[in-house]
Amino acid sequence: GAFFTISRKLPGQTGFTSLGGASGSTAETRRCFFTDATIPASAASAGAQYIVQGFRGTRAGTPSDAIIVQFGNDGATFSAASSAGFKLAA
């Protein structure tokens, strides 16, 4: 089956750190979830960057563009960190 790894970079850090992963699904919805329970409150409003990479068996997919997620009283927002854009799954 499919598996997805998630890496994060906090403000002030120079590289991404692997946080873990989430199992993929072959169900029609094809949704997987990951909760970052380790983000420090001091970094939440400045935004954390995330990269997702998919795997199936021994094959690795191309890592995603960095996604910036900001947390706050108005809810979480995100944006793509590159000019390549960000694709949302249907």
Side-chain angles (χ1 to χ4, degrees):
F3 184 79
F4 298 89
T5 61
I6 295 91
S7 300
R8 179 187 71 202
K9 182 169 77 169
L10 296 172
Q13 293 181 333
T14 58
F16 283 85
T17 302
S18 178
L19 296 179
S23 296
S25 172
T26 57
E28 187 175 316
T29 57
R30 297 183 187 260
R31 294 180 184 175
C32 62
F33 298 89
F34 181 84
T35 300
D36 183 357
T38 63
I39 188 161
S42 61
S45 63
Q49 294 184 43
Y50 293 90
I51 291 178
V52 179
Q53 184 174 15
F55 295 85
R56 180 177 294 277
T58 59
R59 298 180 60 186
T62 303
S64 71
D65 291 334
I67 302 163
I68 301 170
V69 179
Q70 293 179 304
F71 305 88
N73 293 335
D74 293 333
T77 61
F78 67 91
S79 62
S82 77
S83 61
F86 182 70
K87 297 177 182 175
L88 294 175

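Only this structure's heavy atoms are used, side chains among them; waters, hydrogens and symmetry mates stay out. No experiment lies behind these values; they were computed from the predicted model shown.
Following chains of ILVMFWY side-chain contacts shorter than 4.5 Å, one can reach L19 starting from V69, so the two form part of one hydrophobic cluster.
Sorted by first then second residue, the salt bridge (charged side-chain N to carboxylate O under 4.0 Å, His left out) pairs that include residues 38-55, not counting sequence neighbours, number zero. Screening residues 37-55 for salt bridge (charged side-chain N to carboxylate O under 4.0 Å, His left out), with sequence neighbours left out, gives no hits.
The CD1 atom of I67 sits 10.0 Å away from the CD atom of Q49 when rounded to the nearest 0.5 Å.
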Please tabulate, for side-chain N and O atoms in residues 1-11, each donor-acceptor pair with protein atoms closer than 3.5 Å (sequence neighbours left out).
residue	atom	partner	partner atom	Å
R8	NH1	D36	OD1	3.0
R8	NH1	D36	OD2	2.7
R8	NH1	T38	OG1	3.1

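Here the closest non-hydrogen pair linking Q53 and G61 is NE2-O, 2.7 Å.
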